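The structure is given below, and queries will be raised subsequently.
Being a predicted model, the structure only gives us computed values, none of them experimental.
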Amino acid sequence: MTVRELELTDFRNYRKQRISFSEGINILYGQNAQGKTNVLEALYIASTGKSHRTSNYHDLIRNGGCSFEIRLKCGADGRDNTIVIRYSRDRGRFLEINGIRRERISDVLGTLNIILFSPETLEVVKGSPAARRKFLDILLCQTDRQYLYELKRYNQLVKNKSAALKKGKNEKKYEETLPVWNEHISQTGAKIAVMRMKALKALDGYMKNEVSSITSGQEKSSLKYKTFCEIDENANEDFFREQLSETLKKGMDKEISISQCIYGPHRDDFEILLNGLNSRQFCSQGQQRTLALSLIMAELLYTEEIKGEKPVLLLDDVLSELDSGRQEYLVKGLAEVQTVITTTDDLPYSGLKVKDIRKFLVKEGTVTVTGNI
């Protein structure tokens, strides 16, 4: 997979900007607050439909503007694609893929796979369950259209059940619908649980190898799926459906009393363990960075396994967060992956064996090519 050309109009601090990328490493360098991360953000939005920095598209419009446009030319699965995302204060969001209007912004998922490694990625290791669910959901939505469908359906079911729980306190007819919602939630939630379990198992295998390589075999990682029930080795969709159905029946009175959906995959988590200890509580900052780096590399390998080609990698000011050993390990892994890096320094990469390295100076919302290596 490759990103070829990005064109921004009234996006963040860019009035009008076109960037042509190399198929190797692309280095965006310059002082802080010049617009480097904005380029990565635009690429990420073109891949996922969402920003990693804000949930509000209003924030993406250049000061004084009323709309923005992201236009990306890319290659994936042996074909050329053009992705256009627009947003205006009056008309809302607009998505077009290869000249065809799409109704939902989430329809862009899977067209181009992009992996983002930023300082915020550490939150997957040391942050809340919500950060880990988001990581897993984005990965699976980009690699499996069925997962995207089931997740949308599940979230709508939970939303409907939540409304019934709140109205049921005053109107008996809404409370009587809860068993119906629970039945549908059990069926869809079981499918989600199976897909998450399988993905985490694959990521676990890749991550073990990465951690072992980074630490020269001194440390060992593992991922443990935490859901609404204990998981045995024979867990399948039928198992999860029965377990969730039973959990929802037993917990119905509690959910009614607090008017909240408290059981199901929307409360999932997964533990990241190092040497058998939870990384959130017992790992140093250096160890947490090792886990974050190895998780990103595992995500890259998993995506390649599922999609049959390597995704694009975005590195947002992360080299400064890693020591020299981890920097060297990461850089060696970039040899066959198209990568876009932001940094405050004009980093020397001439020793890398990649197709080519293109450097861009970013200054006051303008991107200028300064050379190829």
message = Just to verify, what does Lys310 make a salt bridge (charged side-chain N to carboxylate O under 4.0 Å, His left out) with, not counting sequence neighbours?
response =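 If we apply the salt bridge (charged side-chain N to carboxylate O under 4.0 Å, His left out) test to Lys310, skipping adjacent residues, the hits are Glu304.
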ask   = Between Glu309 (side chain) and Asp77 (backbone), is there a donor-acceptor pair under 3.5 Å?
value =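 Checking the backbone N and O of Asp77 against the side chain of Glu309, a donor-acceptor pair under 3.5 Å is found.
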task = Give, for atom CG of Asp316 and atom CZ of Phe117, the distance between the pair rounded to the nearest 0.5 Å.
result =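 The CZ atom of Phe117 is 10.5 Å from CG of Asp316, to the nearest 0.5 Å.
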request  = Flag the pair Arg104 and Asp107 as a salt bridge only when some basic side-chain nitrogen lies within less than 4.0 angstrom of an acidic carboxylate oxygen.
outcome  =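 Salt bridge flag = yes for Asp107 with Arg104.
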inquiry  = Leu151 vs Cys141, test: side-chain contact (heavy atoms from CB on, under 4.5 Å). Steps then yes/no.
reply    = CA-CA 9 Å; Leu151 184 63; Cys141 284; 4.0 Å; yes
request  = Give the other cluster members for Val84, using side-chain heavy-atom distances under 4.5 Å between Ile, Leu, Val, Met, Phe, Trp and Tyr residues; answer none if it is isolated.
outcome  =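 Members besides Val84: none; it forms no cluster.
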inquiry  = Treating Ser212 as the side-chain partner and Asn209 as the backbone partner, does any N or O pair qualify as donor plus acceptor under 3.5 Å?
reply    =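 Between the backbone of Asn209 and the side chain of Ser212 there is no qualifying donor-acceptor contact (under 3.5 Å).
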inquiry  = I'd like to check the side-chain contact (heavy atoms from CB on, under 4.5 Å) partners of Thr247; sequence neighbours left out, ordered by chain and number.
reply    =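 Thr247: side-chain contact (heavy atoms from CB on, under 4.5 Å) contacts with Tyr263.
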task = Please identify each residue that fulfils side-chain contact (heavy atoms from CB on, under 4.5 Å) with Leu313, with sequence neighbours left out.
result =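 Leu313 satisfies side-chain contact (heavy atoms from CB on, under 4.5 Å) with Ile115, Ile296, Leu300, Leu315, Leu334, Val337, Thr339 once adjacent residues are dropped.
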query = Under the side-chain contact (heavy atoms from CB on, under 4.5 Å) criterion, do Cys229 and Phe239 qualify, and how do the steps go?
reply = CA-CA 10 Å; Cys229 64; Phe239 169 83; 3.9 Å; yes
query = Rounded to the nearest 0.5 Å, what separation is found between the CG atom of Leu43 and the CG atom of Leu116?
reply =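 Leu43 atom CG to Leu116 atom CG measures 10.0 Å (nearest 0.5 Å).
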inquiry  = Between Lys307 and Thr143, is there a side-chain donor-acceptor contact under 3.5 Å, judged purely by atom types and distance?
reply    =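 Absent: no donor and acceptor within the cut-off.
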task = Give the other cluster members for Leu148, using side-chain heavy-atom distances under 4.5 Å between Ile, Leu, Val, Met, Phe, Trp and Tyr residues; answer none if it is isolated.
result =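 Leu148 shares its hydrophobic cluster with Leu109.
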message = Can you tell me how far apart NZ (Lys208) and OG (Ser221) are? Round to the nearest 0.5 Å.
response =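 Lys208 NZ to Ser221 OG: 5.5 Å, rounded to 0.5 Å.
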Any side-chain donor near an acceptor of the partner, Thr303 and Asn113, under 3.5 Å =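 Short answer, no.
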Output side-chain donor-acceptor pairs under 3.5 Å for residues 6-15, partner residues at least two apart or in another chain, one line each.
unit_1, atom_1, unit_2, atom_2, d
Glu7, OE1, Arg18, NH2, 3.3
Glu7, OE2, Lys16, NZ, 3.1
Thr9, OG1, Lys16, NZ, 3.1
Asp10, OD1, Arg62, NE, 2.9
Asp10, OD1, Arg62, NH2, 3.1
Arg12, NE, Glu41, OE1, 2.8
Arg12, NH1, Asp59, O, 3.2
Arg12, NH2, Glu41, OE1, 3.3
Arg12, NH2, Glu41, OE2, 2.8
Asn13, OD1, Asn38, ND2, 2.8
Asn13, ND2, Gln34, O, 2.9
Tyr14, OH, Gly35, O, 2.7

request  = Nearest 0.5 Å please: distance from the OH atom of Tyr147 over to the NZ atom of Lys152.
outcome  =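 So the OH of Tyr147 and the NZ of Lys152 are separated by 13.0 Å.
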key: Test side-chain hydrogen bond (donor to acceptor under 3.5 Å, both in side chains) applied to Glu150 - qualifying residues, sequence neighbours left out   =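 Expected list: Gln146.
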ask   = Within a strict 4.5 Å, meaning less than it, do heavy atoms of the Arg289 and Leu122 side chains meet?
value =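 They are in side-chain contact.
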Exercise: identify the closest heavy-atom pair between Glu176 and Pro179 =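 Taking every non-hydrogen atom into account, O-CD, 3.4 Å.
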key: With sequence neighbours excluded, residues passing side-chain hydrogen bond (donor to acceptor under 3.5 Å, both in side chains) with Tyr57   =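 Listed in chain order: nothing, the list is empty.
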ask   = Is the backbone of Val3 close enough, under 3.5 Å, to the side chain of Gln338 for a donor and an acceptor to pair up by distance?
value =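 The answer is yes, because a donor-acceptor pair under 3.5 Å joins these two groups.
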inquiry  = Using a 3.5 Å distance criterion without hydrogens, assess whether the side chain of Arg358 forms a donor-acceptor pair with backbone atoms of Ser20.
reply    =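 Pair found, side chain donor or acceptor close to backbone of Ser20.
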inquiry  = For the residue pair Glu305 / Tyr206, report whether a side-chain donor-acceptor contact shorter than 3.5 Å exists.
reply    =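 Short answer, yes.
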query = Does a side chain donor of either Gln218 or Ser216 reach within less than 3.5 Å of an acceptor in the other side chain?
reply =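 Their side chains do not contain a donor-acceptor pair, so the 3.5 Å distance test is not met.
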ask   = Should Asp137 and Arg196 count as an ion pair when the cut-off is N to O under 4.0 Å?
value =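 A salt bridge links Asp137 with Arg196.
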request  = Scan side-chain atoms only and decide if Tyr87 and Glu69 contain a donor-acceptor pair under the 3.5 Å cut-off.
outcome  =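 Distance-only check fails for Tyr87 and Glu69.
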query = Taking only residues two or more places apart in sequence, or in another chain, which ones meet Tyr44 in a ring pair (Phe, Tyr, Trp, His ring centres under 6.0 Å)?
reply =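 Counting only residues at least two positions away or on another chain, Tyr44 forms a ring pair (Phe, Tyr, Trp, His ring centres under 6.0 Å) with His52.
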From CA spacing to verdict: salt bridge (Lys or Arg N to Asp or Glu O under 4.0 Å), Asp238, Arg241 = CA-CA 5 Å; Asp238 289 339; Arg241 183 174 59 252; 2.5 Å; yes
task = Working to the nearest 0.5 Å, report the span between OG of Ser213 and CE of Met297.
result =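 It comes to 9.5 Å.
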query = Is it true that the side chains of Thr290 and Arg326 contain a donor and an acceptor less than 3.5 Å apart?
reply =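 On atom types as modelled, these side chains qualify, holding a pair under 3.5 Å.
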query = How far does NE2 of His58 sit from CZ of Phe68, to the nearest 0.5 angstrom?
reply =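 Atom-to-atom, His58:NE2 and Phe68:CZ are 10.5 Å apart.
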query = Tyr154 and His184: side-chain donor and acceptor closer than 3.5 Å?
reply =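 No, His184 and Tyr154 have no side-chain donor paired with an acceptor closer than 3.5 Å.
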Whichever hydrophobic residues join Tyr149 through chains of side-chain contacts under 4.5 Å =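 In the cluster with Tyr149 there is nothing else; it is isolated.
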message = Distance alone, cut at 3.5 Å: any donor-acceptor contact between the side chains of Ser245 and Glu183?
response =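 Result is no, nothing qualifies.
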task = Just do the side-chain contact (heavy atoms from CB on, under 4.5 Å) check on Leu301 and Glu210 with the steps written out, would you?
result = CA-CA 10 Å; Leu301 292 167; Glu210 296 299 322; 3.5 Å; yes
inquiry  = Restricting to side-chain hydrogen bond (donor to acceptor under 3.5 Å, both in side chains), what partner residues turn up for Lys198, sequence neighbours left out?
reply    =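 Partners of Lys198 under the side-chain hydrogen bond (donor to acceptor under 3.5 Å, both in side chains) test: none.
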message = Can you confirm whether Ile83 sits close enough to Leu95 that some side-chain heavy atom of one is under 4.5 Å from a side-chain heavy atom of the other?
response =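 In short, these two side chains touch, coming nearer than 4.5 Å.
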ask   = Donor-acceptor pair, Glu219 side chain versus Leu274 backbone, under 3.5 Å?
value =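 Between the backbone of Leu274 and the side chain of Glu219 there is no qualifying donor-acceptor contact (under 3.5 Å).
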task = Assess the side chains of Asn182 and Lys161: does a donor N or O sit below 3.5 Å from an acceptor N or O?
result =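 Per modelled atom types, Asn182 and Lys161 side chains form a pair under 3.5 Å.
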Derivation and outcome, salt bridge (Lys or Arg N to Asp or Glu O under 4.0 Å), residues Asp268 and Lys226 = CA-CA 6 Å; Asp268 275 359; Lys226 307 289 288 185; over 6 Å; no
message = Which Ile, Leu, Val, Met, Phe, Trp or Tyr residues join Leu273 in one cluster when any pair of side-chain heavy atoms under 4.5 Å counts as a link?
response =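 Once heavy-atom contacts under 4.5 Å are chained together, Leu273 still belongs with nothing else.
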request  = Decide side-chain contact (heavy atoms from CB on, under 4.5 Å) for Val108 and Arg102; before the verdict, give the C-alpha distance in whole Å, the side-chain angles of both, and the deciding distance to 0.1 Å.
outcome  = CA-CA 8 Å; Val108 75; Arg102 302 300 180 95; over 6 Å; no
ask   = Have Thr111 and Asn81 got a donor and an acceptor in their side chains that come within less than 3.5 Å?
value =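 Thr111 vs Asn81: no donor-acceptor pair found between side chains.
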message = Do the side chains of Arg101 and Glu103 get close enough for a salt bridge, i.e. N-O under 4.0 angstrom?
response =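 No, this pair does not count.
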